[in-house]
Undergrad: 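Can you keep this structure in mind? I'll have questions shortly.
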2 protein chains.
Amino acid sequence: MKFEPVKITDIAKALGLSSATVSRAFRDSHEISEKTKKKVMDYARSVNYRPNPVAQNLKDKRSRALGVVVAEIANSFYSQIIDGIESAAHAKGYHVIIAQSHELLEKEIDAVNYLASRSVDGILISLSGESEHIDHLTNLHDKGMPYVFFDRVTDQIDTFQITSDNFSGAKQATLHLLDQGFERVAFLGGTAHLSITRERLNGYLAAHGERNTGPDKNLIRFCPVGGLQYYEVETAMQQFMSAPTPPDALLACSDKLTTNIFRYCREQRIAIPQQLALIGFSNLDLTEYLEPPLSIIRQPAFEMGETAALMMIRLLEAPYPLNDFESKVLPPDCVLRRSSIRLV
Amino acid sequence: MKFEPVKITDIAKALGLSSATVSRAFRDSHEISEKTKKKVMDYARSVNYRPNPVAQNLKDKRSRALGVVVAEIANSFYSQIIDGIESAAHAKGYHVIIAQSHELLEKEIDAVNYLASRSVDGILISLSGESEHIDHLTNLHDKGMPYVFFDRVTDQIDTFQITSDNFSGAKQATLHLLDQGFERVAFLGGTAHLSITRERLNGYLAAHGERNTGPDKNLIRFCPVGGLQYYEVETAMQQFMSAPTPPDALLACSDKLTTNIFRYCREQRIAIPQQLALIGFSNLDLTEYLEPPLSIIRQPAFEMGETAALMMIRLLEAPYPLNDFESKVLPPDCVLRRSSIRLV
DNA sequence: GGCATCACCGGTAACGTTTGCGTAGATTTT
DNA sequence: AAAATCTACGCAAACGTTACCGGTGATGCC
């Protein structure tokens with residue numbers, strides 16, 4: 001009981017036409033009479049004809065598939081992004097193929113090649129924590145593969161970018177901490193070379209600059225694998241807290257870090273915010289009902305995904321090669337709760 | 001600067017061979033000498049040749065693409081499932097195309113047709129809340145589209161199924177509540193006809209039966225859209241709590257319901273567990289650090305996704321048509337915390 | 001009435017890969 | 001030594017669709 005779909009030649013044969021005519025009738029060509037068009041359309045409907053997309057893809061050398069590379073799918077931020085990408089892409093007649101890097105360069109290379117070999121029309125990517133050098137991307141880009149970067153971007157490839165305002169989000173959060181009188185506000189970020197880490201660090205530094213409170217260098221730490229592994233966070237936090245003068249507040253710079261730091265503090269009975277005030281980037285649900293309610297910087301993930309997909313489609317469907325690439329920056333949302341409030 | 005991938009004929013021309021020989025060399029055919037094979041492989045590597053999957057797909061009428069339909073991507077349970085599916089599929093050389101039903105029949109029909117028109121080799125699906133009648137699926141199935149059901153399954157189509165033990169999970173949770181002396185244990189489920197709702201309801205009823213405590217019919221309610229819309233949960237909870245004899249404990253039967261019920265209780269200042277004990281199905285992170293710590297029934301989502309993908313691939317790659325379909329049931333994990341503990 | 005201009009449609013060659021069949025030459029068999 | 005069997009490869013036809021280049025009548029024009 002194998003599925004034998006009806007093809008264009010079947011219709012042609014049944015109607016005494018040529019396949020070329022049927023094809024043109026379908027695409028509503030002006031070279032076909034209304035009468036013939038109607039005949040074709042009616043018959044096609046009656047036999048439930050669907051053009052074979054694979055054959056079409058082979059013909060016009062495009063797949064209407066968008067590749068997406070993220071660190072991990074099972075992450076509230078990225079799953080919301082993917083939701084946005086899928087929604088926009090679907091509406092435009094594209095579908096979405098997902099690959100994960102798990103923050104590893106090797107897996108990112110694999111993912112990108114994998115998508116390329118699947119002949120996606122373009123790749124939407126948020127760089128992995130290990131992707132300092134991106135030859136694997138530039139190679140493909142030079143060969144004509146279109147990219148759109150979101151979240152973790154790079155300037156090494158000139159193309160569309162969509163981020164949230166990491167600088168401002170981090171600065172706002174840091175100012176919030178400083179202005180309450182916290183004196184040792186620490187920073188825990190992902191890999192140092194990632195755009196989000198740099199921008200958020202700059203925001204953190206700018207806030208200190210504005211308040212004339214130079215931050216102690218020991219208060220700034222990074223997690224090479226972005227806190228994907230719990231032990232990373234564990235180590236960093238131990239170093240922070242066992243220092244002679246430990247921090248009294250902390251800015252966490254990614255979903256995973258925020259989650260794991262929160263977990264660490266609770267496990268180690270580090271009182272938030274009494275012993276350590278906490279605010280972090282997070283798109284997790286229910287953070288307001290954690291104990292203590294967690295202050296977060298939330299990014300417009302769905303909208304970022306939507307925008308990224310639309311940018312890519314614009315790039316793909318541009319009649320002429322684009323070279324004026326837009327960098328869109330969306331405002332994050334700073335939600336202050338008890339975890340970052342100084343208790344008197 | 002258009003991407004011009006090297007094709008098999010290029011290699012053939014460069015090496016003075018025919019395209020057939022090159023193709024066979026690649027597939028490691030015994031008809032080709034080792035010497036020629038090596039020559040071909042070496043040259044192919046040097047020019048970074050990748051077979052064009054679209055052409056291959058057209059040739060052997062398969063796409064090595066798996067379609068996935070879930071209610072929503074941005075949901076911890078489903079995103080973990082997708083993680084599992086993607087990981088297993090990737091390892092087996094398949095890729096994954098995702099579509100969302102948003103719990104709507106119309107969107108599910110759209111999604112399925114969309115995937116079919118994308119010529120996926122098979123569809124992994126968790127039914128939408130509105131999918132009581134599934135003609136749209138049986139139609140396609142009759143035409144030869146393979147299915148694997150996960151999470152929300154149906155017996156209307158005879159094929160592989162992978163679920164978690166909903167009956168036992170719900171029963172365990174209900175017993176836990178009953179045995180602590182809660183006397184009015186309520187049940188809030190998604191659409192009544194969904195398999196997960198039925199099975200969980202049966203577990204709930206079985207627990208009552210085992211303790212000889214017939215549950216009040218007013219203590220059982222359903223949310224047609226599975227709590228995807230907050231107002232649904234709001235309405236159901238209002239009805240529960242404004243009754244003459246409101247429940248003193250509640251079993252929530254999906255991620256979304258659990259989350260929204262928790263939110264509702266906190267907003268309405270319904271004390272958990274003093275006024276209403278709560279336990280629910282959830283795969284959310286950090287539930288242990290909510291206030292109060294939330295008792296949950298956690299499903300092995302990643303493993304479910306992995307299994308579903310492997311089942312599908314087994315189905316697709318079976319040398320002869322299968323008709324002995326496996327139904328795998330994985331054990332859920334019941335984690336008891338303060339939200340469901342009776343305070344004396 | 002001859003010629004250009006249409007409207008409408010068909011034949012055919014692609015797109016890149018795989019595969020059945022054919023066939024040289026080399027090797028083995030009787 | 002002739003016949004049979006292999007080995008190793010090439011030719012060409014598919015897979016389903018679309019684009020290019022035509023061609024056929026019919027109509028319009030001077």
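Numbers restart at 1 for each chain; the letters A, B, ... are given by sequence-line order, proteins then strands. Here the structure is a predicted model, which means the values were calculated and not measured.
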Undergrad: Whole Å only: how far is the NZ atom of A/K35 from the P atom of C/dC8?
TA: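 Between P of C/dC8 and NZ of A/K35: 11 Å.
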Undergrad: Toward the 5' end of DNA chain D, which comes first, B/A20 or B/A55, by nearest nucleotide?
TA: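 Mapping each residue to its closest nucleotide by heavy atoms, the 5'-most match is B/A20.
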Undergrad: Establish, with yes or no, whether the OP1 or OP2 oxygen of C/dT19 is under 4.0 angstrom from a side-chain nitrogen or oxygen of B/R27.
TA: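 Yes, because at least one side-chain N or O of B/R27 sits under 4.0 Å from OP1 or OP2 of C/dT19.
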Undergrad: Hey, what do you get for CD1 (A/I98) to CD (A/E86), rounding to the nearest 0.5 Å?
TA: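 Separation between the atoms: 8.5 Å.
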Undergrad: Taking only the side-chain nitrogens and oxygens of B/S23, find out if one of them lies under 4.0 Å from OP1 or OP2 of C/dG16.
TA: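 For C/dG16, OP1/OP2 do not have a side-chain N/O of B/S23 under 4.0 Å.
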Undergrad: Select from B/L58 and B/E31 the residue whose nearest nucleotide in DNA chain C is closer to the 5' end of that strand.
TA: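 Its nearest nucleotide being more 5', the pick is B/L58.
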Undergrad: Students often get this wrong, so: under 4.0 angstrom with heavy atoms, is A/K59 touching a base, only sugar-phosphate, or nothing?
TA: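 Base: the residue A/K59, judged by heavy atoms under 4.0 Å, touches a nucleobase.
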Undergrad: Are A/S18 and C/dC9 close enough that a side-chain N or O sits under 4.0 Å from OP1 or OP2?
TA: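 Checking A/S18 against C/dC9: no side-chain N or O falls below 4.0 Å of OP1 or OP2.
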Undergrad: Starting at CD of B/E34 and ending at P of D/dC9, how long is that distance when rounded to a whole Å?
TA: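 Whole-Å distance recorded here is 10 Å.
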Undergrad: For the pair made of NE2 in B/H30 and P in D/dC6, what is the distance, rounded to whole Å?
TA: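 After rounding, the reported distance stands at 11 Å.
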Undergrad: Go through the N and O atoms of the side chain of A/R50 and the base of D/dG16, and report whether any donor-acceptor pair is under 3.5 Å.
TA: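 Checked by distance alone, the answer is no.
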Undergrad: Hey, does the side chain of A/Y49 come within less than 4.0 Å of D/dG16's phosphate (OP1/OP2), counting only N and O?
TA: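 For D/dG16, OP1/OP2 do not have a side-chain N/O of A/Y49 under 4.0 Å.
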Undergrad: How close or far is atom P of C/dC8 from atom CG of A/L17, stated in whole angstroms?
TA: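 Going from CG in A/L17 over to P in C/dC8 covers 14 Å.
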Undergrad: Report yes or no: does B/Q161 contribute a side-chain atom to a donor-acceptor pair with the main-chain N or O of B/T154 at less than 3.5 Å?
TA: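 Yes.
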Undergrad: Closest-nucleotide mapping onto DNA chain D: is B/V22 or A/F26 further toward the 5' terminus? I mean the 5' end.
TA: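 Between the two, 5'-proximity favours B/V22.
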Undergrad: In whole angstrom, what separates B/K61's NZ from C/dT17's C1'?
TA: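 Distance, rounded to whole Å: 15 Å.
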Undergrad: Could you tell me the separation between the NE2 atom of A/H102 and the CG atom of A/D110, rounded to the nearest 0.5 Å?
TA: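 If I round to the nearest 0.5 Å, the distance is 10.5 Å.
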Undergrad: Using whole Å, report how far CG of A/D60 lies from P of C/dA13.
TA: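 That distance rounds to 21 Å.
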Undergrad: Examine D/dC9: is either OP1 or OP2 under 4.0 Å from a nitrogen or oxygen in the side chain of B/S33? Give yes or no.
TA: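 True: B/S33 side-chain N/O within range (under 4.0 Å) of D/dC9 OP1/OP2.
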Undergrad: Rounded off to whole Å, could you give me the CZ-to-P distance for the B/R64 and C/dT17 pair?
TA: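 Value for this atom pair: 16 Å.
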Undergrad: Take atom CD1 of A/I11 and atom P of D/dG16, then tell me their distance rounded to the nearest Å.
TA: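 Distance check: A/I11 CD1 to D/dG16 P gives 13 Å.
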Undergrad: Might you confirm whether atom NZ of B/K328 has over 12 heavy atoms from other residues, nucleotides or ligands at distances under 6.0 Å?
TA: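 12 or below, so no.
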Undergrad: Using only side-chain N and O atoms of A/Q56, determine if any of them is under 4.0 Å from OP1 or OP2 of D/dG16.
TA: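 No, because none of the side-chain N or O atoms of A/Q56 sits under 4.0 Å from OP1 or OP2 of D/dG16.
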Undergrad: Nearest 0.5 Å, please: how far is CZ in A/F302 from OG in A/S87?
TA: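 Answer for the OG-CZ pair, A/S87 versus A/F302, is 4.0 Å.
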Undergrad: Would you indicate, yes or no, if C/dC8 has its OP1 or OP2 atom less than 4.0 angstrom from a side-chain nitrogen or oxygen of A/T21?
TA: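 No, because none of the side-chain N or O atoms of A/T21 sits under 4.0 Å from OP1 or OP2 of C/dC8.
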